[in-house]
Amino acid sequence: MARCFGSRRTHQASSLSGPRRLNKSPPRYGLARVLSKQGLCSRSEAAKWIAAGRVSVDGRIVRDAEFPIVQGRHRIRVDEQTLDAAPRLYLMLNKPRGLVTTVQDERGRDTVYRCLDEARIDGAPLPWLAPVGRLDKASEGLLLFCNDPQWAARITDPELGPDKTYHVQIDAIPSPEQLAALHAGISEEGELLRAKSATVLRSGEKNAWLQIVLDEGRNRQIRRLLAGFDLNVLRLIRVAIGGLQLGELPKGQWRVLGDEDLQRLQ
């Protein structure tokens with residue numbers, strides 16, 4: 001019979017001195033966030049469902065939007081229906097001027113969803129979709145929508161997201177010094193506003209069209225940047241996000257993005 005003559009005390013000491021395994025608890029997320037991450041609705045809409053008693057977790061009605069959920073461990077139902085993640089959908093819209101990029105406007109103004117009111121895919125209405133980034137009321141052009149919050153976060157990430165290209169009509173003929181200054185940028189209210197590039201597309205006697213590329217997104221960035229040099233915006237059109245071009249898509253119209261389109265946005 002074989003015996004181990006090593007010291008028991010020595011064995012215990014070596015075990016204690018070796019690497020220790022920590023049992024990490026799986027991450028927990030608020031119930032409203034889990035519903036929105038599945039592409040079923042916005043987080044605010046999910047909170048309304050929960051407050052109304054429409055959502056149950058493991059057979060029990062939950063009215064707390066921050067109720068902790070471990071992904072994959074709970075049976076979540078809305079109106080007694082078991083939920084599956086919605087199929088992911090990505091589309092682009094040629095946004096007209098005069099529409100606000102929001103789901104509901106507290107001032108009663110028309111929103112970008114007016115363009116999607118009658119939208120159908122294979123005869124079925126569109127699922128819940130959220131705008132990816134923003135275009136202000138007076139701006140036009142390429143606006144993305146999706147029901148994939150993680151994808152949207154990557155597209156809008158200020159450091160890792162794709163560049164955005166704009167065609168901007170201004171009320172003056174810019175000098176080479178002004179174009180260089182747009183690239184160098186200005187500081188306004190603690191923010192550095194700058195263009196990755198700014199070039200003249202064409203010019204007339206009193207105004208010009210610029211192509212401006214941004215590699216980060218700040219509220220009304222182009223308008224504020226140009227105003228810093230006494231240049232006023234007459235029209236502002238986003239024509240590309242990364243390699244995805246607005247192209248010939250008519251104003252107010254939309255189309256679903258295919259795999260090649262999504263690759264252009266990487």
Side-chain angles (χ1 to χ4, degrees), residues 22-93 95-96 98-137 143-158 161 217 219 252 254-257 262 265:
L22 300 177
N23 294 322
K24 292 185 178 180
S25 299
R28 295 172 179 266
Y29 304 99
L31 178 57
R33 180 183 177 188
V34 170
L35 291 176
S36 70
K37 290 291 186 185
Q38 288 184 297
L40 301 165
C41 59
S42 67
R43 193 179 301 189
S44 59
E45 186 67 18
K48 293 177 182 177
W49 292 359
I50 295 165
R54 296 175 57 191
V55 182
S56 67
V57 178
D58 297 332
R60 180 167 62 91
I61 296 294
V62 173
R63 295 180 183 272
D64 178 9
E66 297 303 320
F67 183 84
I69 295 292
V70 177
Q71 291 279 53
R73 287 196 181 180
H74 303 281
R75 188 178 77 255
I76 303 173
R77 295 166 68 92
V78 176
D79 298 332
E80 301 301 322
Q81 299 295 317
T82 301
L83 299 182
D84 295 317
R88 298 308 190 189
L89 180 65
Y90 314 86
L91 62 82
M92 60 183 285
L93 168 73
K95 175 193 174 296
L99 300 181
V100 183
T101 307
T102 186
V103 177
Q104 291 182 333
D105 182 63
E106 59 186 13
R107 294 163 57 184
R109 296 172 295 180
D110 284 338
T111 76
V112 290
Y113 286 92
R114 191 184 75 180
C115 300
L116 306 178
D117 281 344
E118 305 299 324
R120 295 285 190 276
I121 296 179
D122 297 330
L126 296 180
W128 169 80
L129 295 170
V132 181
R134 304 179 68 85
L135 283 173
D136 63 42
K137 182 181 176 182
L143 181 64
L144 302 176
F145 290 79
C146 75
N147 59 353
D148 185 342
Q150 291 180 323
W151 182 83
R154 291 196 298 272
I155 295 299
T156 56
D157 186 285
N219 184 40
W254 60 274
R255 70 173 180 84
V256 173
L257 299 182
L262 298 178
L265 286 164

Asker: With a 4.5 Å cut-off on side-chain heavy atoms, are R114 and D117 touching?
Answerer: yes
Asker: A side-chain contact here means heavy atoms from C-beta on lying under 4.5 Å apart; do I69 and R28 qualify?
Answerer: no
Asker: Does T156 use its side chain to pair, donor to acceptor, with the backbone of G133 at less than 3.5 Å?
Answerer: no
Asker: Mind checking what makes side chain to side chain contact (heavy atoms under 4.5 Å, CB included) contact with E80, not counting sequence neighbours?
Answerer: R77
Asker: State the CG-CZ distance between L257 and R255, to the nearest 0.5 angstrom.
Answerer: 6.0 Å
Asker: Within the structure provided, determine whether P87 and P127 are in side-chain contact (heavy-atom separation under 4.5 Å).
Answerer: no
Asker: Enter the distance from L144:CG to L262:CG here, rounded to the nearest 0.5 Å.
Answerer: 9.5 Å
Asker: Could you check T111 against V103 for side chain to side chain contact (heavy atoms under 4.5 Å, CB included), going step by step and ending with a plain yes or no?
Answerer: CA-CA 7 Å; T111 76; V103 177; over 6 Å; no
Asker: Mind checking whether I76 and L31 have side chains closer than 4.5 Å, heavy atoms only?
Answerer: yes
Asker: List in chain and number order the residues that pass side chain to side chain contact (heavy atoms under 4.5 Å, CB included) with R63, two or more places apart in sequence or in another chain; answer none if no residue qualifies.
Answerer: I61
Asker: Rounded to the nearest 0.5 Å, how far apart are CZ of R107 and OG1 of T102?
Answerer: 12.0 Å
Asker: Has the side chain of K95 got a donor or acceptor atom that lies under 3.5 Å from a matching backbone atom of D136?
Answerer: yes
Asker: Has D58 got a side-chain atom pairing as donor or acceptor with H74's backbone, closer than 3.5 angstrom?
Answerer: no
Asker: Identify the two heavy atoms, one from P149 and one from R88, that lie closest to each other, and give their separation to 0.1 Å.
Answerer: CD-NH1, 4.2 Å
Asker: Nearest 0.5 Å, what's the OH-CG distance between Y113 and L93?
Answerer: 10.5 Å
Asker: Measure the CG-SG distance between L129 and C146 for me, rounded to the nearest 0.5 Å.
Answerer: 7.5 Å
Asker: Can you confirm whether W151 sits close enough to V132 that some side-chain heavy atom of one is under 4.5 Å from a side-chain heavy atom of the other?
Answerer: yes
Asker: Check A47 against A65 and note the closest heavy-atom contact, atom names and distance.
Answerer: CB-CB, 4.1 Å
Asker: Just wondering, do F67 and V55 contact through their side chains at under 4.5 Å, heavy atoms?
Answerer: no
Asker: Enter the distance from L126:CG to W254:CH2 here, rounded to the nearest 0.5 Å.
Answerer: 5.0 Å
Asker: With a 6.0 Å cut-off (strictly less than), is the heavy-atom count around CZ of R73, excluding the residue itself, greater than 12?
Answerer: no
